[in-house]
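Below is one structure, written out as structure tokens; the observations come after it.
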Number of protein chains: 2
Amino acid sequence: MGVIDRKEREKVEMKRQILDAARSLFLEQGFEKTSIRNIAEVIEYSAGTIYLYFKDKNEILFALHVEAFSALMQAMQAGIVGEADPFERLISLGKHYLKYAFENPELYDLMFVMTAPIETLEYRKEIWCDGERAFETLEFVVADCMKAGYFEGADNETISVMVWSLVHGLATLHLRRRTMIFPEEKRIKLLEDAYAQFTEILKTYKK
Amino acid sequence: MGVIDRKEREKVEMKRQILDAARSLFLEQGFEKTSIRNIAEVIEYSAGTIYLYFKDKNEILFALHVEAFSALMQAMQAGIVGEADPFERLISLGKHYLKYAFENPELYDLMFVMTAPIETLEYRKEIWCDGERAFETLEFVVADCMKAGYFEGADNETISVMVWSLVHGLATLHLRRRTMIFPEEKRIKLLEDAYAQFTEILKTYKK
DNA sequence: TTGTATTTATGAACACCGTTCATTTTATTT
DNA sequence: AAATAAAATGAACGGTGTTCATAAATACAA
């Protein structure tokens, strides 16, 4: 019976439609301000239909979450390959992380800022698994740096948390508009300079 | 007429009641999940009454915002006084900033993470003003460090943004539960270590 | 092809939300 | 005590997420 196969395909296709509509609306107007009815309208179905494919609104967000992490991992890998020097690799990793954050603000939010749906116990496992893998990628690069003599005597995990916190801080301050206290034309440069300054200080640490 | 004086006092008192109830509810269950009706219930008035004292729900948040910034400034000042050495002063400033963030998670959110009400144009002036003053406090301490020979050849604003980003990153990663990828008993220590590592690296930069 | 069973979609209904406003209650002034 | 002013109410409006009996569409068996 090819019928159930087709049904399966149709189900997947429908989920795709919902997710695409949801992503675009979330990006446009945010999660809270997007209603199930809005999503249903875009895909030209009734609101109730959405619930045949997703348990609730949070589960839609969660599905996008998974996609977002996969995209971030790709972005990070792109920052790693082709950089021979370990420290340059670390610098590039951070830059690509920031680039992803700035180019996908709502998805970055979803992964590292949003708080609402993450509280739901069930979601945790998969989400944190993804998060862990991204963090491990950072740790690997830091390990390479240490092998090359950087951060002598320091702890890999500690250094990694520090680096992560810095780029995450830069990203969120900007995404959440807290750089508004600086004149508009300076904002991006200030963030770039801060990151460059950080990596320079980090590099000279050798000690 | 002492009557209008009393009326004024009563109005202030009523606003206080509303703000206290709102703060406690926001802290408990967050902004979005707290309804005007919830607040009204706590202070034992009808929902409509709230609108005689605050234009809308956002304005309540905004009033709390002003209070929160004032408290943060106090916390930061407390970190500065009594530290003779400029660099120790910087370290202490960061620690007090983090302490405030961890002890007042919802208020910290309000100031540096929340995005919804800040978009409203009118609010900006006062809010940014408060934010700027807090940032200037950091810049002053950094300036003292530079006078003492630290961060040679670096730009004060750049260094300050970098420091701010790091502590903000540490704060938000933890407040938004992204440190869940680490075992519970290690989380706080990891953050402390990362901050200590950062300041140590910063200190040795001199060069 | 027809009739039945199954899947899929609907939209009304529920309990909530922020906000407004005519009406009622309370307090002040004359 | 009557008239006026201020404060509080609660019903109503148009929205929300979600559920569920009903209706429509599809798949399978006779």
Side-chain angles (χ1 to χ4, degrees), chain A residues 1-19 21-23 25-26 28-64 114-120 122-123, chain B residues 1-19 21-23 25-26 28-64 114-120 122-123:
Chain A
M1 275 315 119
V3 175
I4 61 167
D5 287 16
R6 173 172 57 75
K7 292 241 167 174
E8 184 55 37
R9 281 201 311 277
E10 281 174 353
K11 192 158 190 169
V12 170
E13 169 56 28
M14 186 64 159
K15 281 197 171 196
R16 260 266 65 76
Q17 271 197 74
I18 294 171
L19 288 179
R23 191 194 310 102
L25 288 172
F26 291 169
E28 248 175 69
Q29 54 189 22
F31 177 72
E32 304 283 357
K33 291 195 172 171
T34 300
S35 72
I36 294 288
R37 286 172 180 82
N38 293 156
I39 299 170
E41 205 177 348
V42 169
I43 62 170
E44 297 178 296
Y45 278 84
S46 72
T49 303
I50 306 274
Y51 289 86
L52 301 175
Y53 297 89
F54 292 95
K55 183 173 126 279
D56 55 27
K57 200 182 167 190
N58 281 343
E59 193 140 309
I60 297 174
L61 195 67
F62 172 62
L64 291 175
M114 272 199 185
T115 194
I118 224 163
E119 302 292 354
T120 318
E122 286 159 283
Y123 294 163
Chain B
M1 274 314 121
V3 174
I4 60 167
D5 287 17
R6 174 171 57 77
K7 294 241 166 174
E8 185 55 38
R9 281 202 310 275
E10 281 174 353
K11 192 159 190 168
V12 170
E13 169 56 27
M14 186 66 160
K15 280 196 171 195
R16 259 268 64 77
Q17 271 198 74
I18 294 170
L19 288 178
R23 192 194 308 102
L25 287 173
F26 290 170
E28 248 175 69
Q29 55 188 20
F31 177 73
E32 305 282 357
K33 291 195 172 169
T34 299
S35 72
I36 294 288
R37 287 172 179 82
N38 293 157
I39 300 170
E41 205 176 346
V42 169
I43 60 170
E44 298 178 293
Y45 278 84
S46 73
T49 304
I50 306 273
Y51 289 87
L52 301 175
Y53 297 89
F54 292 96
K55 185 173 123 276
D56 56 26
K57 200 182 167 189
N58 281 343
E59 192 139 308
I60 297 174
L61 195 68
F62 172 61
L64 291 175
M114 271 199 186
T115 193
I118 224 162
E119 302 292 354
T120 319
E122 287 158 282
Y123 294 162

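Only this structure's heavy atoms are used, side chains among them; waters, hydrogens and symmetry mates stay out. Nothing here was measured: the structure is a model prediction, and the numbers come from that model. Sequence lines set the chain letters: A, B, ... in the order given, protein chains first and strands last, and positions in each chain run from 1.
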Practice task
Might you confirm whether atom CD of B:Glu10 has over 12 heavy atoms from other residues, nucleotides or ligands at distances under 6.0 Å?
Solution key: yes
Exercise for the section: Flag the pair A:Met14 / A:Leu52 as yes when at least one side-chain heavy-atom distance between them is below 4.5 Å, and no otherwise. Expected result: no
Problem - Value in whole Å for how far the C1' atom of D:dT18 lies from CG of A:Asp56 - result: 9 Å
Problem - Length of the line joining B:Leu61:CG and C:dG18:P, which is rounded to integer Å - result: 13 Å
Practice task
Grab the NZ-C1' distance between B:Lys11 and D:dA5 for me, whole Å please.
Solution key: 14 Å
Handout entry: Spacing of CG belonging to A:Leu61 relative to CG belonging to A:Leu19, to within rounding of 0.5 Å
Key = 10.5 Å
Completion exercise
Taking D:dA8, C:dT7, C:dA9 as options, the one with an atom nearest any side-chain atom of A:Lys7 is C:dT7
Handout entry: For atom OH of B:Tyr53 and atom P of C:dT19, their distance in whole Å
Key = 18 Å
Exercise for the section: Examine D:dA8: is either OP1 or OP2 under 4.0 Å from a nitrogen or oxygen in the side chain of B:Ser46? Give yes or no. Expected result: no
Problem - Sole residue of B:Asn58, B:Leu25, B:Leu64 in side chain to side chain contact (heavy atoms under 4.5 Å, CB included) with B:Phe31 - result: B:Asn58
Exercise for the section: Please say whether more than 12 non-hydrogen atoms of neighbouring residues, nucleotides or ligands are located less than 6.0 Å from CD in B:Glu28. Expected result: yes
Handout entry: For atom OH of A:Tyr51 and atom P of C:dT10, their distance in whole Å
Key = 15 Å
Handout entry: Pairwise side-chain contact, A:Lys7 with A:Lys11, heavy-atom cut-off 4.5 Å (strictly under)
Key = no
Completion exercise
Atom CD of B:Glu32 and atom P of D:dG17 are separated, to the nearest Å, by 12 Å
Handout entry: Touch class at under 4.0 angstrom, heavy-atom based, for B:Phe54 against every strand present
Key = nothing
Practice task
Rounded off to whole Å, could you give me the CD1-to-C1' distance for the B:Ile18 and D:dA7 pair?
Solution key: 12 Å
Problem - For DNA chain C, the residues among residues 34-45 of chain B that have a non-hydrogen atom under 4.0 Å from it - result: B:Thr34, B:Ser35, B:Ile36, B:Arg37, B:Asn38
Problem - Minimum side-chain heavy-atom gap B:Ile50-B:Ile43 below 4.5 Å - result: yes
Handout entry: Distance in angstrom units between B:Gln29 CD and C:dC16 C1', rounded
Key = 13 Å
